[in-house]
Amino acid sequence: MSFWRQAAIVTRRDLLAEGRSGEVWWVVLPFGLVSLFLIPVAVGSQRSLLADIGPGMFWTVVLLFGMFVTLRRSAQATPAEADVLALVVVDPAVVFVGRSIASFALVLVFQAVTAPAMVVLFGPDIPERWGWLLLLGPLTALGMAMTGTLAGGLVAGTRLGTTLAPLIAISLSFPLLVGASMTTSGLVAGTDILAPLILLTLVVVLVAIAGVLTARPLEESGA
Amino acid sequence: MIKLEGVGVTRSGTTILHDVELAVSASEVVGITGPNGTGKTTLLRVVATLLIPTVGTATVLDATVGSPQARRVRPAIGLVGHQPALSPNLTLREQLAFHAALAGIEPERVDRALKAVGLHGAGDRRASAVSAGMARRADLARVVMTKPTLLLLDEPDASLDSDATEVIDALIGSVTGRGGAVLMVSHDPERVEHRCDRAIRLVDGTLEAA
């Protein structure tokens with residue numbers, strides 16, 4: 001069976017489990033929306049200030065809550081499940097890719113719901129080159145999905161896993177936040193976005209390489 | 001089929017197993033007994049090729065544990081662990097189908113395996129909604145489906161009623177009938193003696209004949 005077919009099976013299984021648990025839809029997403037709502041309440045009604053900070057706040061919320069999407073409980077295999085998966089001899093890189101694709105889809109959904117809310121609550125200037133946002137969103141989601149999957153793999157089976165995983169994921173995602181925010185600011189200001197976009201792409205590629213290369217050592221070390 | 005020579009496992013500075021010597025031949029059923037916390041599960045994970053010994057050599061199905069060859073023999077190993085390997089949000093049938101799809105097993109064997117362990121009517125129930133005994137049966141169904149050459153059982157009778165223990169007996173019979181071997185660990189010496197050709201006691205991380 002091909003690598004991608006196996007990865008698709010893992011993705012389907014993760015999305016099915018998430019669909020049943022509703023962790024993202026009923027817990028993470030509402031809290032993300034509430035946090036977006038709370039920021040204008042705390043800052044006040046200065047429309048120009050809100051418009052300025054809106055995109056940055058959006059990416060911060062996407063980063064923080066997106067990490068909970070990628071580290072959701074339904075995507076974590078128990079030690080017994082991990083053992084059984086290892087015995088099927090699925091390439092650990094397949095599991096990394098499959099889980100990342102599932103998380104990518106869920107982070108995209110998170111972005112798709114919170115982005116309109118941000119526009120309504122903050123009233124940011126819509127950039128003329130808004131089409132780039134259609135690349136920026138998925139690119140950031142992909143980076144976050146792989147970062148979360150990698151962090152989950154790093155702490156799997158450790159006693160402090162639930163505490164460490166978000167810390168590791170957010171630390172690794174920091175360049176994603178910088179890249180996404182700078183690209184958005186550049187689009188709004190009409191300046192060059194090449195540098196932050198390259199940064200973002202580079203981070204995504206590096207995380208992908210790290211995830212694939214560390215998948216097997218992480219599986220073996222979890223033994 | 002299994003050969004352990006001077007196997008020892010140390011984790012976080014604690015010695016769990018030491019100087020373990022064990023040989024299990026084809027068609028043999030070997031049981032290991034011992035109280036909780038003596039390293040029975042650790043020993044089983046070494047034999048399952050999932051845990052590389054700190055010292056010594058473990059050879060399973062002609063592959064040395066820790067070598068690249070060990071990964072290749074894994075599909076021939078059936079493991080029923082102490083904890084159910086089930087995702088709470090998926091149905092029993094979905095879990096088996098997921099496993100079958102990844103392992104390249106025909107989907108028709110899913111329902112046959114569920115039937116073989118007496119779960120045919122419960123295939124559409126989520127793992128979170130079944131009893132511990134049914135979860136254990138679902139794990140057994142996964143192993144039935146994969147037809148392993150080497151069967152490893154960790155406390156196989158835990159949570160099971162008398163009907164289900166017959167399922168285990170049948171599973172053991174089918175594995176040895178195909179020329180395979182069975183290694184089971186249990187804290188219950190009576191169960192082990194009833195089922196096994198040979199029983200060995202694990203004391204303080206090492207094996208001694210019972």
Side-chain angles (χ1 to χ4, degrees), chain A residues 1-27 72-99 102 156-160 215-223, chain B residues 9 11-12 41-42 44-46 48-54 60 65-68 70-91 94-105 126-129 135-136 138-139 142-143 145-146 148 150 152 154:
Chain A
M1 190 183 293
S2 75
F3 181 98
W4 290 104
R5 198 163 164 212
Q6 281 193 317
I9 293 167
V10 174
T11 301
R12 186 177 169 276
R13 178 233 175 255
D14 270 20
L15 290 176
L16 193 61
E18 166 50 34
R20 298 266 172 76
S21 75
E23 201 177 328
V24 171
W25 193 253
W26 297 112
V27 181
R72 66 198 179 280
R73 189 182 288 265
S74 65
Q76 310 300 322
T78 64
E81 285 179 275
D83 280 354
V84 164
L85 210 52
L87 287 177
V88 186
V89 200
V90 175
D91 185 338
V94 164
V95 179
F96 171 79
V97 171
R99 295 224 152 115
T158 60
R159 274 179 296 175
L160 294 172
R216 182 165 293 186
L218 284 174
E219 185 198 80
E220 299 292 343
S221 67
Chain B
V9 174
R11 304 209 87 179
S12 306
T41 299
T42 302
L44 215 56
R45 294 194 76 236
V46 169
T49 75
L50 297 168
L51 181 60
I52 301 167
T54 317
V60 178
V65 176
S67 71
R71 290 184 68 84
R72 290 191 207 123
V73 301
R74 284 179 176 178
I77 299 172
L79 172 67
V80 179
H82 189 44
Q83 298 292 331
L86 301 171
S87 172
N89 296 307
L90 300 180
T91 68
E94 285 166 349
Q95 324 240 13
L96 263 61
F98 167 68
H99 190 88
L102 283 179
I105 295 169
R126 291 188 199 181
S128 58
R136 175 50 65 108
D139 268 350
R142 179 175 34 76
V143 174
M145 200 171 63
T146 54
L150 177 61
L152 307 174
D154 191 351

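As a basis for the values below, the full set of heavy atoms in this structure was taken, side chains included, without hydrogen atoms, waters or symmetry mates. In what follows, every chain begins at residue 1, and chains take the letters A, B, ... in the order their sequences are listed.
- The part of B:Pro84 that comes within reach of chain A is its backbone (N, CA, C, O), which places non-hydrogen atoms under 4.5 angstrom from that chain.
- With contacts defined as side-chain heavy-atom distances shorter than 4.5 Å, the pair A:Pro79/B:Gln83 does not qualify.
- Applying the salt bridge (Lys or Arg N to Asp or Glu O under 4.0 Å) rule to A:Glu23 yields no partners; only residues at least two apart in sequence or on another chain are considered.
- Distance check, rounded to the nearest 0.5 Å: NE2 of B:His99 to CD1 of A:Ile9 gives 11.5 Å.
- Considering only heavy atoms from C-beta on, A:Leu16 stays 4.5 Å or farther from B:Asn89 through its side chain.
- In plain terms, the two heavy atoms of A:Ala80 and B:Ala85 that are nearest each other are O-CB, 3.5 Å.
- Expressed to the nearest 0.5 Å, how far CG of A:Asp83 lies from CD1 of B:Ile77 amounts to 11.5 Å.
- Looking at B:Arg142 and A:Val84, their side chains come closer than 4.5 Å, going by heavy atoms from C-beta outward.
- The shortest non-hydrogen separation linking A:Val10 to B:Phe98 is CA-CE1, 4.1 Å.
- At a 4.5 Å heavy-atom cutoff, B:Ser12 makes no contact with chain A through either its backbone or its side chain.
- Heavy-atom neighbours of A:Arg20 CZ from other residues, nucleotides or ligands within 6.0 Å: above the threshold of 12.
- Your options are B:Gly78, B:Ser87, B:Ala97, and the one with the most heavy-atom pairs under 4.5 Å with chain A is B:Ser87.
- Applying the salt bridge (Lys or Arg N to Asp or Glu O under 4.0 Å) test to B:Arg136 and every residue at least two apart in sequence or in another chain returns nothing.
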A:Val88 and B:Thr146: side chain to side chain contact (heavy atoms under 4.5 Å, CB included), yes or no, with the steps? CA-CA 9 Å; A:Val88 186; B:Thr146 54; over 6 Å; no

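- Of all the listed residues (B:Asp139, B:Val46, B:Leu90), the one sharing the greatest number of non-hydrogen pairs under 4.5 Å with chain A is B:Leu90.
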